[in-house]
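Below, chains carry the letters A, B, ... as their sequence lines are ordered, and counting in each starts from 1.
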4 protein chains.
Amino acid sequence: MIHTISNIRVRYAETDRMDVVYHSNYLIWFETARILMLDQIGIPYLDIEARGLLLPVLTASAAYKRPARFDDRLEVHLYMRDKPRARFRFEYEVKRERELLATGTTTHGFMDKDGKGLRPPKDFLDKIETAWVHDITAIV
Amino acid sequence: MIHTISNIRVRYAETDRMDVVYHSNYLIWFETARILMLDQIGIPYLDIEARGLLLPVLTASAAYKRPARFDDRLEVHLYMRDKPRARFRFEYEVKRERELLATGTTTHGFMDKDGKGLRPPKDFLDKIETAWVHDITAIV
Amino acid sequence: MIHTISNIRVRYAETDRMDVVYHSNYLIWFETARILMLDQIGIPYLDIEARGLLLPVLTASAAYKRPARFDDRLEVHLYMRDKPRARFRFEYEVKRERELLATGTTTHGFMDKDGKGLRPPKDFLDKIETAWVHDITAIV
Amino acid sequence: MIHTISNIRVRYAETDRMDVVYHSNYLIWFETARILMLDQIGIPYLDIEARGLLLPVLTASAAYKRPARFDDRLEVHLYMRDKPRARFRFEYEVKRERELLATGTTTHGFMDKDGKGLRPPKDFLDKIETAWVHDITAIV
């Protein structure tokens, strides 16, 4: 398993008139967490795209348990629990201290610029293999 | 079943550097569709909140099949297939003409301002009952 | 002068915890209005980009007089008061019925994909010349 | 003068299909910078609102000189150059290392929850007076 933690401070713009974080913003935080994990594994997202590859979101889900609010300091825990084959699957937990606010999942697949599905490059899989044993804690 | 269709024209701001609609924006379109359906049923969202009720998103999911792009004219089909009891469940399809771009679901529950879960008000359920037989097509 | 009107219905996602529209969203509405005006003039933004041209925002300003709120039906009035030379300048008024909520301006210049500034293509200027006499009212 | 620096790492969601940061996002970064400066001065925005006060944006402007791009590490420099009387005025510079990408200004006024304009509370002005001599550098 690979596990990273990223820190989010809730922006005013992310709230809505219910005085909570508008629910679609969690997907943006999930992405921030993914980009951090990819950095930590050694495959920065910019490098992926520089090689002509894309890693689009195929599915996304979230379950909202308790609301996040303006100025909250949150942790986004990201877990890669299965070594990727064709697909990458990520699991998320959004926490405010010990309190679990939301969970989520996303799945992704590699594509070229024409939208053709591709298997993950071997060097990416190797780097994931290397990172697998580490439980990385990182901050963005 | 209740079915409504809302029209979306993709905004420049909704795209990302992959030249597609950024995936979290679909959740915003889903909400636009819900608000339209509630209008059509006769329970405008403003009225819900004016009665001290909230209808937050409990879960959301989306599956992205083909990308939406800048300036696309899209239809968001919204289906309420089960009469709500404690929970409201909505299903979504985003289409560009005949092409299915994405599907999604959301679930919702009524709460008061203190976050206490509530059953849907009887007059809401009555209005849904009335709307059930109609297949409404509406445009926003 | 060229004048167009576009209609906006305020999305829940556009509000913030102050129960008003978050201020940066007006810039997005301004763009929606520009794209509509360009459509009406006969130079759709997609065509501009298909010719390898970009029309980025060089400056933007807004003055917020009264708050817009969730579900408001707004009109964005867009005025091109000066025939463009190197720069395009647009002026905006956001209204809720007779009430003026906000004003704004943006300026723009043509660029190629490498960021090199360009004069507006002659056929664009010709189309603006043709549109100049008309006071167009359009709805998006 | 009071000067603070906040750090931004550009999110994928903040880009658009021109492969640059969509222009309205700078206003969100400006706000992040203001909230940080208010923290540093000792008047956290949550405290302002807890006292029943709001500090809405009255005007905002931005000039875009060079594009910010995905994953850029940016500094938002915020300057309060004039001690506030009725109005607060902030000036912004967005930099990528030594390169100036954008400048901006916002003005703000205190209001109560009914939208009535108020003078800034005396203790806020006192805290600003105290902070005035310091050139604060802070990171969010």
| request: Please round to the nearest 0.5 Å and tell me the distance separating atom CG of L55(C) and atom CE of M18(D). | output: 7.5 Å

| said: Heavy-atom pairs under 4.5 Å with chain C - which of E31(D), R66(D), K113(D) has more of them than the others? | reply: E31(D)

| message | Atom CZ of residue position R87(C) - does it have more than 12 heavy atoms of other residues, nucleotides or ligands inside 6.0 Å? | response | no

| field | Minimum heavy-atom distance L27(C)-Y64(D), with the two atoms named | value | CD1-OH, 4.2 Å

| said: Looking at R85(D), I want to see if its CZ is surrounded by more than 12 non-hydrogen atoms of other residues, nucleotides or ligands under 6.0 Å. | reply: no

| field | Y22(D) vs I28(C) side-chain heavy atoms within contact, under 4.5 Å | value | yes

| task | Report, as yes or no, whether the 6.0 Å neighbourhood of atom CZ on R81(C) holds more than 12 heavy atoms from other residues, nucleotides or ligands. | result | yes

